[in-house]
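Here's the structure we're looking at; comments come further down.
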Amino acid sequence: MIGFASYAFFFLTTALSYAIICLGLNLQWGQTGLFNVGVAGFVGIGAYASALLTTPATDAHLMGWGLPIAAGWLGAMLVSGTASALIGFATLRLRSDYLAITTFGVAVTIHLIALNAQRLTGGPYGIAFIPRPFNEVADRPLLFNGLNLALVAALTFVLYIASERLVRSPWGRVLRAIREDERAAASLGKSPSLYRLQAFALGGAVMGLGGALQAHFIGFIAPDNYLSSLTFLVWTMLIIGGSGNNRGAILGGVLVWALWSASGVAIGAIVPAEQQARAAALKIVAVGVFLALALLLRPRGLIGERTVVSRHLDE
Amino acid sequence: MNLQFLADGILTGAMIGLGAIGVTLTYSILRFANFAHGEFIAWGAYLALGVASASGWLVAGAAIPIGPLSFGWGLVLALLIAMPLTGLLALALDWALFARLRDKASSITVVMASFGASMALRNLLEFLFTSRPAYFSRELQIAIRLGWGVRVTADQLALVALTAILVISLNLVLSRTQIGRSMRAVSENRALARVAGVDVDHVVRVTWLIGGALACASGVMIGLVVQIRPFMGFDMLLPLFAAAILGGIGSIPGALMGGLVVGIAEALSAATVGAEWRAAAAFVLLIGILLIRPAGLFGARE
């Protein structure tokens with residue numbers, strides 16, 4: 001029973017870390033209509049930044065400053081947000097597809113750097129010994145997993161409230177105005193590229209935080225954690241949950257992560273070991289078909305966007 | 001400095017260029033960046049592999065190398081059959097997915113759907129054939145010395161010639177025939193073309209057929225020179241987009257030139273910085289062109 005509760009806590013912790021990444025993506029796509037195909041890259045930047053800041057000094061990779069975990073998470077948001085701002089600066093004034101293509105390139109390049117810049121990132125061996133929150137109670141799994149869950153749940157809640165307030169603020173209204181009709185918004189004196197840049201950088205910072213959380217809960221990261229299948233999973237979460245709705249983003253994160261890990265457990269139990277790589281490939285095919293069907297049949301997702309004018313108006 | 005990188009770069013550039021022509025055509029006529037285009041390359045290669053193995057199994061001499069080349073007429077036949085098949089695959093994907101989204105959703109939703117389709121198609125290949133690489137031919141080839149330290153194989157020369165034939169004939173079709181004029185009209189202004197009596201649906205079908213067929217040719221070339229893997233198309237995606245944007249969206253000679261620039265840049269970075277960084281060359285070029293001249297080297301400003 002304790003084992004089960006402990007596992008449930010661990011599962012929810014991971015699911016909520018995905019929900020945080022979804023909140024970041026929702027700010028970019030759901031509110032502003034920016035298509036980021038490089039989610040894995042920005043999550044990876046956050047994970048690596050926090051790991052490099054907080055791990056103890058080592059010969060395996062550079063930095064290793066041994067800073068507190070909170071400093072690592074702030075650093076992750078800063079580095080990820082800055083990287084997003086730079087990419088946004090290069091592409092957001094162009095056609096919307098160019099952002100998709102460039103962010104795709106970011107993810108490929110980040111993976112390449114993580115894999116090959118061995119002096120900085122530890123190369124294919126990744127980074128180990130990332131400090132875990134509440135490590136001093138790690139010998140009591142229930143308490144340890146419970147405290148971690150409480151921490152990530154509190155963070156998710158804070159980010160949710162902040163996102164909701166942003167959505168209802170004048171700033172959020174400008175974002176949606178630009179998404180719906182760029183020319184009309186520009187004619188009212190709002191600079192579309194500036195607002196897009198802010199939303200993109202902020203969303204990137206939240207994704208980076210999500211990546212850093214995951215890195216610290218697992219304690220180990222490697223380049224292959226940050227492949228396009230991660231991007232794809234996060235997108236599926238947001239579309240299924242309901243893009244444009246922060247609750248939808250959280251629901252999608254938890255629900256799709258549950259389905260994803262349940263099918264992983266099922267494959268591990270049913271499929272013989274030598275066929276498991278193939279079964280995993282088929283799993284991604286299924287998610288791809290699922291996403292396409294969702295786009296065709298229910299583009300709003302489970303709980304789609306609600307029309308929000310202002311928090312001063314009743315709905 | 002050894003000029004070998006130039007020969008390698010031109011060959012890689014030819015493969016990228018053939019794929020980029022499909023990307024640039026779908027981008028200018030259907031108006032979306034197709035992330036599934038890389039999968040047409042991979043599926044084209046596997047389809048050709050299937051036909052080539054079948055022909056080798058049916059007719060004993062099909063796999064015997066032609067002259068100095070490493071492959072037999074079985075592969076030539078396979079290419080001729082697999083090219084229209086890959087075109088049909090592209091058409092089927094358009095019918096099942098893109099066409100349904102095109103009219104009712106925003107263009108960026110179509111891009112997202114293509115991203116999902118690429119994941120599904122790639123992993124379906126991995127499910128069917130596993131990630132173990134396959135080869136068209138295991139013949140060894142002796143490189144020919146061209147002078148200045150440059151060596152090429154007979155296969156490589158044949159493939160560059162094939163690219164030239166394909167691009168020149170496609171350019172003739174687009175500039176001299178009725179369907180070519182219709183395609184250019186739809187890419188300029190879809191609504192106006194429809195009013196002028198152009199059959200837009202027909203143009204869309206021809207675009208997918210051409211894009212798929214050229215992607216297949218590119219996949220067969222990669223399969224011959226490198227190897228056939230489920231991820232071969234995905235790894236080409238960034239170079240394809242970089243080449244299409246570099247050449248200016250909608251321009252076929254531009255896509256080929258863009259492909260050559262990206263190919264040579266990749267070979268140069270492999271020769272100087274290290275082979276593990278070659279994939280970053282396309283990204284650097286892409287960011288550079290977007291910052292300096294987003295309309296591309298050969299394109300007109302929008």
Find out whether A:Leu291 and B:Phe115 are in side-chain contact, i.e. whether some heavy atom of one side chain is under 4.5 Å from a heavy atom of the other. no
Taking atom OH of A:Tyr125 as the centre, report whether more than 12 heavy atoms of other residues, nucleotides or ligands fall under 6.0 Å from it. no
If one checks every heavy atom of B:Ala242 against chain A at 4.5 Å, the contacting part turns out to be neither
For the side chain of B:Asn123 and the backbone of A:Ile284, is there at least one donor-acceptor N/O pair under 3.5 Å apart? no
Residue pair A:Thr109 / B:Trp277, side-chain heavy-atom distance below 4.5 Å: no
Pairwise side-chain contact, A:Ser228 with B:Arg122, heavy-atom cut-off 4.5 Å (strictly under): yes
Looking at CG of A:Leu92 and CG of B:Leu290, how far apart are the two atoms once the value is rounded to the nearest 0.5 Å? 11.0 Å
For the interface with chain B, which of A:Ala292, A:Ala90, A:Gly105, A:Gly288 has the highest count of heavy-atom pairs at distances below 4.5 Å? A:Gly105
Side-chain heavy atoms of A:Tyr98 within contact of B:Leu286, under 4.5 Å: no
Do you know which of B:Gly274, B:Ala33, B:Ala282 has the most heavy-atom pairs under 4.5 Å to chain A? B:Ala33
Look at atom CD of A:Gln275 and say whether more than 12 heavy atoms of other residues, nucleotides or ligands are closer to it than 6.0 Å. yes
Counting neighbours of CZ on B:Phe231 that are heavy atoms of other residues, nucleotides or ligands and sit closer than 6.0 Å, is the number greater than 12? yes
Might you point out which heavy atoms bring B:Arg31 and A:Asp97 nearest each other, and give the distance in Å? O-OD2, 4.4 Å
Are the side chain of A:Arg278 and the backbone N or O of B:Leu128 linked by a donor-acceptor pair below 3.5 Å? yes
Identify the two heavy atoms, one from B:Met119 and one from A:Ser229, that lie closest to each other, and give their separation to 0.1 Å. CE-CA, 3.4 Å
Quick check on the interface: out of A:Ile113, A:Thr91, A:Val287, who has the most heavy-atom pairs with chain B under 4.5 Å? A:Ile113
Between A:Val285, A:Leu295, A:Val106, which residue shows the highest count of heavy-atom pairs closer than 4.5 Å to chain B? A:Val285
To check you understand the geometry: which heavy-atom pair defines the closest contact between B:Phe283 and A:Thr102, and what is its length? CE1-O, 3.7 Å
Atom group of B:Phe129 that falls short of 4.5 Å from chain A, counting heavy atoms: backbone
Pick from B:Phe241, B:Phe35, B:Phe127: which one has the most heavy-atom pairs with chain A under 4.5 Å? B:Phe127
Once you round to the nearest 0.5 Å, how far does CZ of B:Arg278 lie from CG of A:Leu112? 11.5 Å
is_close_aromatic(B:Phe234, A:Phe104), centroid dist under 6.0 Å: yes
The interface call for B:Ala117 against chain A, heavy-atom contacts under 4.5 Å, is neither
Rounded distance [0.5 Å steps], CZ in B:Arg100 versus CG in A:Leu296: 7.0 Å
Let's test your reading of the structure: which of B:Thr109, B:Leu237, B:Ile287 forms the most heavy-atom pairs below 4.5 Å with chain A? B:Leu237
Residue pair A:Phe35, B:Val111: steps toward the side-chain contact (heavy atoms from CB on, under 4.5 Å) verdict: CA-CA 9 Å; A:Phe35 187 44; B:Val111 179; 3.4 Å; yes
